[in-house]
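To start, the structure under review is shown below, and the notes come after it.
A, B, ... follow the sequence lines: proteins, then strands. Residue 1 opens every chain.
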Amino acid sequence: MKKYRLSRTFFARPTLLVAKELLGKFLVRKIDNKKVAVMITEVEAYCGERDLASHARFGPTPRSKIMWGLAGRAYVYMIYGMYFCLNVVTEKNRKAGAVLIRGVQGVNGPGKLCRKFKIDKKFNGEDVVKSKKLWIEDRGLKIGPGQIKRLPRVGIDYAGKYKDKLWRFVLSR
DNA sequence: ACGATGATGAAC
DNA sequence: TTCATCATCGTA
């Protein structure tokens, strides 16, 4: 089965759609000339500056402005002083959006994922469309609607009416 | 249930 | 400059 690296046009689409379609794709990380590739099993969508759960809710700040930028770049930030979270920027026409990669096969949780894949602040801004160190591949796996569970997002109780939105997508075997 | 641990954004 | 908060995780 041919492997296709996901292109700019894949990411430059509505955030919810990109989030859903990232399930079953493979996160690929090259470390010391060795490739690690694991299937993405859990994601969360952060949609625009109106989304009160998103870092974009304060408008473009030094940290979050990348969410308004080119789709397909990584948004990596430190959380709770000890973990990193990996997101990929989505949308076009300078609309804010990103998808948090919450889990891959065998690794649950965005913090552990970044630790395992050695993804830190240096990867903030990395262009996942062009990078030689981090990208996402379509390996031909087809995911049916019945395999996707929709759940509320984690750790965003403060987000008012946005906290119950089913913008977390989990792949169930 | 809670502490580790530091970046972030808001308020002053 | 200070302060509360936080898209987490491991231990309990």
Side-chain angles (χ1 to χ4, degrees), chain A residues 6 10-27 29 31 36 38-91 94-128 131 134-136 148-172:
Chain A
L6 297 185
F10 177 92
F11 297 106
R13 295 182 299 154
T15 306
L16 288 171
L17 186 61
V18 174
K20 255 182 288 193
E21 294 195 6
L22 277 175
L23 293 177
K25 302 296 190 288
F26 284 75
L27 184 66
R29 172 82 170 91
I31 307 171
V36 189
V38 190
M39 191 177 67
I40 295 170
T41 54
E42 183 172 352
V43 298
E44 282 178 5
Y46 289 86
C47 306
E49 37 195 311
R50 313 274 293 280
D51 178 0
L52 296 177
S54 173
H55 292 169
R57 68 190 182 280
F58 301 119
T61 65
R63 176 174 69 161
S64 69
K65 63 183 182 209
I66 189 168
M67 294 182 74
W68 281 259
L70 187 63
R73 291 202 308 199
Y75 170 36
V76 180
Y77 60 88
M78 169 160 273
I79 188 76
Y80 302 116
M82 30 174 58
Y83 295 103
F84 292 98
C85 289
L86 169 66
N87 301 246
V88 185
V89 174
T90 57
E91 301 285 350
R94 306 193 64 75
K95 189 167 145 39
V99 175
L100 169 67
I101 314 292
R102 272 199 79 79
V104 297
Q105 206 160 46
V107 186
N108 300 316
K112 288 198 291 188
L113 186 156
C114 284
R115 204 173 43 185
K116 176 176 159 87
F117 279 78
K118 293 195 176 8
I119 293 166
D120 60 17
K121 206 69 210 276
K122 293 197 294 289
F123 280 81
N124 190 37
E126 185 88 0
D127 188 352
V128 168
S131 173
L134 179 69
W135 64 94
I136 302 177
I148 299 178
K149 268 192 297 200
R150 299 192 57 154
L151 299 164
R153 293 172 292 178
V154 172
I156 52 143
D157 283 351
Y158 57 85
K161 65 176 179 179
Y162 284 87
K163 86 177 164 68
D164 299 315
K165 297 234 178 265
L166 302 178
W167 287 353
R168 173 181 170 211
F169 302 92
V170 180
L171 192 58
S172 53

Please output the side-chain donor-acceptor pairs of residues 106-121 of chain A that fall under 3.5 Å, not counting sequence neighbours, one pair per line with the distance.
| residue | atom | partner | partner atom | Å |
| --- | --- | --- | --- | --- |
| A/D120 | OD1 | A/K122 | N | 3.0 |
| A/D120 | OD2 | A/K122 | NZ | 2.9 |

Start and end of chain A contact along DNA chain B [non-hydrogen atoms, under 4.0 Å]: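 First-to-last contact on DNA chain B, by the 4.0 Å heavy-atom rule, is B/dA4 to B/dA10.
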Walk me through it: do A/R150 and A/W167 pass the test side-chain contact (heavy atoms from CB on, under 4.5 Å)? CA-CA 7 Å; A/R150 299 192 57 154; A/W167 287 353; 3.7 Å; yes
Any side-chain to backbone donor/acceptor pair from A/S64 onto A/G59? Under 3.5 Å, distance only.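 Yes, because the side chain of A/S64 sits within donor-acceptor range (under 3.5 Å) of the backbone of A/G59.
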Just call it for [X]: base, sugar-phosphate, or nothing, with non-hydrogen atoms closer than 4.0 Å on any strand.
| X | value |
| --- | --- |
| A/Y83 | base |
| A/R63 | sugar-phosphate |
| A/K163 | nothing |

Is NZ or CZ of A/R63 both nearer than 6.0 Å to the six-membered ring centre of A/F58 and within 45° of the ring axis?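 Pair A/R63/A/F58 does not count as cation-pi.
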Could A/R13 and A/F10 be counted as a cation-pi pair, given that NZ or CZ must be under 6.0 Å from the ring centre and within 45° of the axis?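 Because its charged atom sits under 6.0 Å from the ring centre and within 45° of the axis, A/R13 does stack over A/F10.
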Heavy-atom contacts under 4.0 Å between residues 110-120 of chain A and DNA chain C, which residues?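 Contacting residues: A/P110, A/G111, A/K112, A/R115.
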From [atom1] of [X] over to [atom2] of [N], roughly how many Å is that when rounded to an integer?
| X | N | atom1 | atom2 | value |
| --- | --- | --- | --- | --- |
| A/N124 | C/dA7 | CG | P | 16 Å |
| A/Y162 | C/dA7 | OH | C1' | 16 Å |
| A/R153 | C/dA7 | CZ | P | 10 Å |

Applying the side-chain contact (heavy atoms from CB on, under 4.5 Å) test to A/Y46, which of A/T90, A/I156, A/T15, A/V99 qualifies?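 Result: among A/T90, A/I156, A/T15, A/V99, A/I156 is the only option passing the side-chain contact (heavy atoms from CB on, under 4.5 Å) with A/Y46.
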Return the minimal non-hydrogen interatomic distance between A/A45 and A/F169, and the atom names on each side.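 In this case the closest contact between A/A45 and A/F169 is CB-CE1, 4.5 Å.
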Which atom names give the shortest non-hydrogen contact between A/A96 and A/E49, and what distance separates them?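 Result for this residue pair: CB-N, 4.3 Å.
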For DNA chain B, what dot-bracket results from Watson-Crick or G-U pairs at under 3.5 Å, with [ ] for crossers and | for inter-strand partners? ||||.||||||.
Begin with the C-alpha distance, continue with both residues' side-chain angles, and end with the deciding distance and a verdict on side-chain contact (heavy atoms from CB on, under 4.5 Å) for A/N87 and A/Y77. CA-CA 9 Å; A/N87 301 246; A/Y77 60 88; 3.3 Å; yes
Interface polar pairs with nucleotides 1-6 of chain C, N/O, under 3.5 angstrom:
none

Apply side-chain contact (heavy atoms from CB on, under 4.5 Å) to A/Y162 and A/R50, showing your working. CA-CA 9 Å; A/Y162 284 87; A/R50 313 274 293 280; 3.7 Å; yes
If we only count heavy atoms from C-beta on, is the A/S54 to A/M67 side-chain gap below 4.5 Å?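 A side-chain contact under 4.5 Å exists here.
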Is there side-chain contact between A/V88 and A/L6, with heavy atoms separated by less than 4.5 Å?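 A side-chain contact is absent here, since even the closest heavy-atom pair is not under 4.5 Å.
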Please list, chain by chain and in numerical order, all residues satisfying ring pair (Phe, Tyr, Trp, His ring centres under 6.0 Å) with A/F84, sequence neighbours excluded.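 A/F84 satisfies ring pair (Phe, Tyr, Trp, His ring centres under 6.0 Å) with no residue once adjacent residues are dropped.
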